[in-house]
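Below you will find the structure I want to go over with you.
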Amino acid sequence: MSRLSDMIYYLREGDYLSFLIMVLSTCFVVFCCLPIHELAHALIADKCGDDTARLRGRLTLNPFAHLDILGTIMIFLFGIGYANPVPVNPARLKHPRRDMALIALAGPVSNLIMGFISVFMFYIFGSVNSENPAFSALSYFFYYAAAVNVSLAVFNLLPIPPLDGSRILSSVLPDKIYFKIARYEKYIMIGFIIILFTGILNGVISFISGAMMDFISIIPRAIFN
């Protein structure tokens with residue numbers, strides 16, 4: 001199910017606490033985790049010699065410097081989305097192909113790290129006192145936050161413009177092929193959004209995200225179970 005259908009389900013069942021936790025955890029991801037994702041891109045770009053993002057005010061945790069309206073709406077509705085891409089000038093990079101891949105990878109890696117931390121918090125609050133409603137609510141808050149972070153990492157690694165995966169792919173593709181793809185980037189993105197709304201990719205993204213959630217849960221599960 002999409003995030004929207006989950007929310008509707010909780011409202012229909014009168015489970016307002018779960019609905020509120022899901023909304024708040026999504027807000028946490030949008031206004032805290034997504035800026036860290038974009039900051040990671042900007043920081044690695046700056047370290048690699050390109051100060052474009054820093055000069056344009058993207059080396060910041062201010063969410064309003066990074067958020068994209070459509071990408072934010074998608075996160076609330078589907079649990080996956082994107083922010084306004086950090087500008088990168090390959091000509092300023094010390095090793096353009098390698099550095100572009102590192103810059104692109106930095107965002108999803110930051111989401112996986114935050115997902116791992118959130119999973120740890122989920123197990124911590126879940127083990128403290130499962131009978132306490134406050135601890136139970138915090139536990140599920142961090143579970144949802146972890147799930148969205150992992151979904152964002154998986155989603156952004158898809159090799160489709162303007163997602164991070166397309167930048168990683170461009171670092172290994174021959175220039176001739178890459179420039180051909182870049183010419184149709186806008187059309188590819190429009191088609192991709194349409195496909196997302198049909199739900200065709202939901203199963204694939206959910207399967208990979210679930211496997212990744214299981215992976216990052218290995219250590220906290222071993223500690224607290």
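All residue numbers refer to positions in the sequence shown, counting from 1. This structure is a prediction, so every number in the text was calculated from the model and none was measured.
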Expected output: side-chain Ser209 to main-chain Ile205 donor-acceptor under 3.5 Å: yes

What is the distance from atom CG of Leu138 to atom CZ of Phe125, rounded to the nearest 0.5 Å? 4.5 Å

Is Ile218 atom CD1 crowded by more than 12 heavy atoms from other residues, nucleotides or ligands, each under 6.0 Å away? yes

Between the OG atom in Ser217 and the CE atom in Met212, the distance rounded to the nearest 0.5 Å is 11.0 Å

Closest contact, heavy atoms only, Pro96 versus Pro90: CG-O, 3.7 Å

Please answer: with hydrophobic residues joined when any side-chain heavy atoms are less than 4.5 Å apart, are Tyr144 and Ile124 in the same cluster? yes

Any non-hydrogen side-chain atom of Thr52 less than 4.5 Å from a side-chain atom of Arg56? yes

Mind running side chain to side chain contact (heavy atoms under 4.5 Å, CB included) on Leu11 and Tyr16 for me, showing each step along the way? CA-CA 6 Å; Leu11 287 175; Tyr16 302 115; 3.9 Å; yes

Please confirm whether the backbone N or O of Ala65 pairs with a side-chain atom of Arg58, one donor and one acceptor, at under 3.5 Å? yes

Write down the atom of Phe116, the atom of Pro220, and the distance for their closest heavy-atom approach. CE1-CD, 4.0 Å

Quick check: closest heavy atoms across Ala83 and Asp68, and the distance to 0.1 Å? C-CB, 3.8 Å

Which heavy atom in Asn149 sits nearest to a heavy atom in Ser118, and how many Å separate them? ND2-OG, 4.4 Å

Does Ile219 CD1 have over 12 foreign heavy atoms under 6.0 Å away? no

Hydrophobic cluster membership, Leu61 vs Tyr82, 4.5 Å side-chain cutoff: no

Yes or no on side chain to side chain contact (heavy atoms under 4.5 Å, CB included) for Cys48 and Leu93, after CA distance, side-chain angles and deciding distance? CA-CA 6 Å; Cys48 290; Leu93 298 174; 3.9 Å; yes

Quick one, Met114 and Ile36 - any side-chain contact, counting heavy atoms below 4.5 Å? yes

When clusters are formed by joining ILVMFWY residues with side-chain heavy atoms under 4.5 Å apart, either directly or through shared neighbours, do Leu112 and Met213 land in the same one? yes

Flag side-chain contact, heavy atom, 4.5 Å: Ser170 against Arg97: no

Shortest non-hydrogen pair, Ile44 vs Ala106, comes out as CG1-CB, 3.6 Å

Measure the spacing between CD of Glu38 and OG of Ser110 and express it to the nearest 0.5 Å. 8.5 Å

Nearest-0.5 Å distance that lies between atom CG in Asp50 and atom NZ in Lys94: 11.5 Å

Any side-chain heavy-atom pair of Leu67 and Asn84 under 4.5 Å: no

Of all the heavy-atom pairs spanning Ala145 and Ser25, show the shortest one and how long it is. N-CB, 3.9 Å

Determine, stepwise, if the pair Leu157 / Leu163 fulfils side chain to side chain contact (heavy atoms under 4.5 Å, CB included). CA-CA 7 Å; Leu157 285 172; Leu163 303 179; over 6 Å; no

Can you tell me how far the CZ atom of Arg98 sits from the CD1 atom of Ile103, to the nearest 0.5 Å? 10.0 Å

Students often mix this up, so state it plainly: with edges at 30° and 60°, are the rings of Tyr140 and Tyr143 parallel, tilted or perpendicular? perpendicular

Roughly how far apart are Met7 CE and Phe19 CZ, rounded to 0.5 Å? 6.0 Å

Classify the side-chain pair Thr60/Asn62 by whether it contains a donor and acceptor separated by less than 3.5 Å. no

Any Phe120 side-chain heavy atom under 4.5 Å of Phe224 side chain: yes

Asp51/Arg92 salt bridge by N-O under 4.0 Å criterion: yes

With the side chain counted from C-beta on, respond yes when Val150 and Asn111 share a heavy-atom pair under 4.5 Å apart, and no when they do not. no

Quick check against the 3.5 Å criterion: does Ser206 have a side-chain atom that pairs as donor or acceptor with the backbone of Gly203? no

Among the clusters formed by ILVMFWY side chains lying less than 4.5 Å apart, do Val86 and Ile75 turn up in the same one? no

How far apart are the C-alpha atoms of His41 and Asp164, what are their side-chain angles, what is the distance that settles it, and do they pass the side-chain hydrogen bond (donor to acceptor under 3.5 Å, both in side chains) test? CA-CA 10 Å; His41 287 314; Asp164 299 324; 3.1 Å; yes

Hey, would you say the Phe141 and Phe28 ring centroids sit under 6.0 Å apart? yes

Any non-hydrogen side-chain atom of Leu17 less than 4.5 Å from a side-chain atom of Asp15? yes

Is there a donor-acceptor pair under 3.5 Å between the side chain of Thr26 and the backbone N or O of Phe76? no

Side-chain heavy-atom pair Pro108, His37 within 4.5 angstrom cut-off: yes

Is Phe142 linked to Ile21 within one hydrophobic cluster, defined over Ile, Leu, Val, Met, Phe, Trp and Tyr using a side-chain heavy-atom separation of less than 4.5 Å? yes

